[in-house]
Amino acid sequence: MNNAAQSVWENCLNFIKDNIQPQAYKTWFEPIVAIKLDDHALSVQVPSKFFYEWLEEHYVKILKVALTKELGATAKLVYIIKMENTYGNKQPFTEKIPSSNRSAVYSQRVDIPLKSINPELKNPFVIPGIRNVKIESQLNPTYTFDNFLEGDSNRLARNASIAVANKPGGTSFNPLLIFGGVGLGKTHLAHAIGVDIKDKYPEKTVLYISAEKFTQQYIESVKKNNRNDFIHFYQIIDVLIIDDVQFLSGKSGTQDVFFHIFNHLHQNGKQVILTSDKAPVDMQDIEQRLLSRFKWGLSAELQNPDFETRVSIVKNKLYRDGVEMPEEIIEYLAKHINSNVRELEGAIISLIAQSSFNKKEITLSLAKEIVEKFVKNTKREVSIDYIQKVVSDYFQMDVDTLQSKTRKRHIVQARQLAMFFAKKFTKASLASIGSQIGKRDHATVLHACKTVNNLSTTDKQFRKYVEDLTKKLSI
Ligand code: ADP
Ligand code: MG
């Protein structure tokens with residue numbers, strides 16, 4: 001134990017506690033133990049690997065802010081993973097990351113370097129002589145073909161991806177478009193292709209980028225007046241992977257620039273890989289000339305995995321996390337969580353978390369409890385109706401009152417809160433929110449959102465409403 005480490009960590013915890021929900025704090029921060037402080041690197045022990053991954057995925061920002069406050073800009077966080085066998089009472093063993101027998105993944109993800117404080121792509125445009133610049137491929141090495149399990153639902157997409165990785169630009173699958181619903185593995189496969197190519201052809205320039213980020217970069221380049229550099233940068237890439245191209249819908253400037261980049265790459269035998277949540281025929285507001293190019297290669301669909309594949313996915317995930325679970329529980333999970341793989345993984349994580357924090361064994365009844373919550377929660381689509389119901393219940397009024405024309409302050413506030421949450425938790429437009437909450441216009445909704453934002457910074461009681469309701473409305 002190291003006192004300096006503890007006091008730094010305590011300060012971080014105080015900060016974090018004020019900024020996240022109490023339940024989350026209890027679950028994810030209380031079990032962490034500060035171990036030591038070397039220079040600007042704080043080592044903390046976490047209960048398991050998934051725990052660490054969870055922190056990295058959900059709380060890395062706040063950890064970074066807290067730690068930077070304490071230790072300055074060069075702050076680093078090192079995780080030490082304490083592995084517990086959830087079965088029997090085997091001695092826990094401690095695994096330190098990074099260490100030589102770990103894959104690069106962990107040593108890369110463990111430190112919090114400045115790079116992630118500013119997660120922007122290393123700006124390729126400001127550097128002259130761009131050809132000499134080493135382009136970071138932005139790939140996530142945890143996504144591989146090996147851990148992408150094959151089943152009928154993904155056989156074509158997975159095998160086409162492997163074929164592309166073996167011969168980038170050299171198959172007729174160019175572009176390769178992987179499409180399918182959320183959580184079915186598009187991003188995973190897209191990375192796996194890039195990772196495998198980097199492995200087989202280290203000299204090739206591979207770049208993974210989300211369509212959203214691509215769009216931002218493009219807009220930035222227009223602002224800075226270096227659109228040509230932007231195009232040029234993308235034209236020297238050998239394997240370009242663009243995730244979620246549906247995001248380009250309606251963005252004609254970005255589509256136009258992508259069209260030029262695409263043509264150049266394609267003509268030069270470079271590989272393009274795209275993912276989308278829809279088949280090309282169903283994509284809206286994407287220019288025809290671009291759509292027709294999407295169809296030049298192969299469009300491969302990812303479907304919902306069948307029961308057997310879900311069982312294999314669960315088993316593989318448990319195996320990688322070093323957790324054992326009885327067969328009947330695995331089957332129970334695979335049977336009941338059938339919407340997509342991400343949810344399945346989420347349920348496994350909750351189950352392991354529950355069991356390791358509460359020192360409960362993983363039993364079928366615990367699994368049932370979790371699945372019940374999970375399925376209920378994820379099915380509970382947050383609709384505007386639901387939001388109005390929750391807000392009205394909270395203020396003990398009925399929905400009609402909330403919608404009424406009255407100017408009574410507490411009713412107006414309830415209505416404004418409902419509008420605020422409708423904006424926050426649904427994709428509905430201001431106009432549509434207004435029409436559903438007491439037939440108001442979009443300006444009223446906009447005003448409501450502003451008022452709620454203002455009041456929640458100035459009025460403590462009001463902030464409490466917002467917090468309570470946020471809790472009730474989030475999963
Ligand atoms: P999408 O991009 O389609 O929304 P992701 O690629 O993010 O989905 O996948 C969601 C999660 O499910 C990821 O953690 C991914 O590793 C996992 N996953 C999806 N399909 C498979 C599969 N066939 N085998 C193993 N894991 C999978
Ligand atoms: Mg994705």
Side-chain angles (χ1 to χ4, degrees), residues 49-58 60 103 105-106 109 138-162 164-165 176-196 207-215 240-249 273-280 282-283 299-321 323 325 330 333-334 337-353 374 378 475:
K49 199 194 304 177
F50 80 84
F51 198 106
Y52 141 72
E53 286 171 355
W54 189 275
L55 288 169
E56 280 286 278
E57 196 173 316
H58 299 268
V60 73
S103 63
V105 183
Y106 295 106
R109 291 179 59 190
Q138 313 289 325
L139 290 165
N140 179 345
T142 49
Y143 289 142
T144 62
F145 288 130
D146 279 347
N147 61 29
F148 191 85
L149 298 181
E150 186 168 313
D152 289 343
S153 58
N154 61 35
R155 187 158 289 120
L156 172 67
R158 185 174 184 276
N159 285 294
S161 299
I162 293 174
V164 163
L176 173 64
L177 173 73
I178 302 166
F179 70 94
V182 51
L184 295 179
K186 301 180 295 292
T187 298
H188 185 140
L189 260 188
H191 278 283
I193 299 173
V195 169
D196 198 41
L207 181 70
Y208 166 92
I209 187 154
S210 66
E212 185 174 2
K213 202 154 170 193
F214 179 84
T215 305
L240 178 61
I241 305 168
I242 302 203
D243 204 359
D244 290 319
V245 289
Q246 77 276 357
F247 185 85
L248 300 183
S249 288
I273 296 137
L274 309 166
T275 79
S276 163
D277 68 353
K278 301 179 193 61
D282 298 323
M283 288 188 206
S299 303
E301 183 172 8
L302 286 176
Q303 289 166 336
N304 231 333
D306 55 25
F307 175 71
E308 269 70 37
T309 313
R310 293 202 297 275
V311 169
S312 324
I313 291 174
V314 175
K315 285 187 177 163
N316 185 264
K317 168 110 184 109
L318 292 173
Y319 175 75
R320 279 183 287 131
D321 285 347
V323 176
M325 217 181 259
I330 295 175
L333 291 175
I337 302 190
N338 49 18
S339 45
N340 71 54
V341 182
R342 192 175 293 145
E343 284 187 359
L344 194 55
E345 289 187 342
I348 301 170
I349 289 172
S350 323
L351 185 55
I352 303 173
F374 223 85
T378 48
I475 289 165

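In each ligand, atom 1 is the first atom listed, and ligand 1 is the first ligand listed. Worth saying up front: this structure is predicted, and the values here are computed from it rather than measured.
Side-chain contact, D243 with S210: no donor N or O sits under 3.5 Å from an acceptor N or O. Under 3.5 Å, the side chains of N147 and H188 contain a donor-acceptor pair of N or O atoms. Side chains of T144 and D146: no donor on one and acceptor on the other come within 3.5 Å.
Taking the side chain as every heavy atom from C-beta outward, D244 and S276 never approach each other to under 4.5 Å.
Closer than 4.0 angstrom to ligand 1 lie heavy atoms from Y143, N147, F148, L149, N154, G181, V182, G183, L184, G185, K186, T187, H188, I313, V341, R342, E345.
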Before you tell me yes or no, could you show the steps for R320 and N316 under side chain to side chain donor-acceptor pair (under 3.5 Å), namely the whole-Å CA-CA distance, both residues' side-chain angles and the distance that decides it to 0.1 Å? CA-CA 6 Å; R320 279 183 287 131; N316 185 264; 2.8 Å; yes
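No donor-acceptor distance shorter than 3.5 angstrom exists from the side chain of D277 to the backbone of V182, with no hydrogens or angles considered.
Within the 2.8 Å limit, T187 places at least one N, O or S atom next to the Mg ion (ligand 2).
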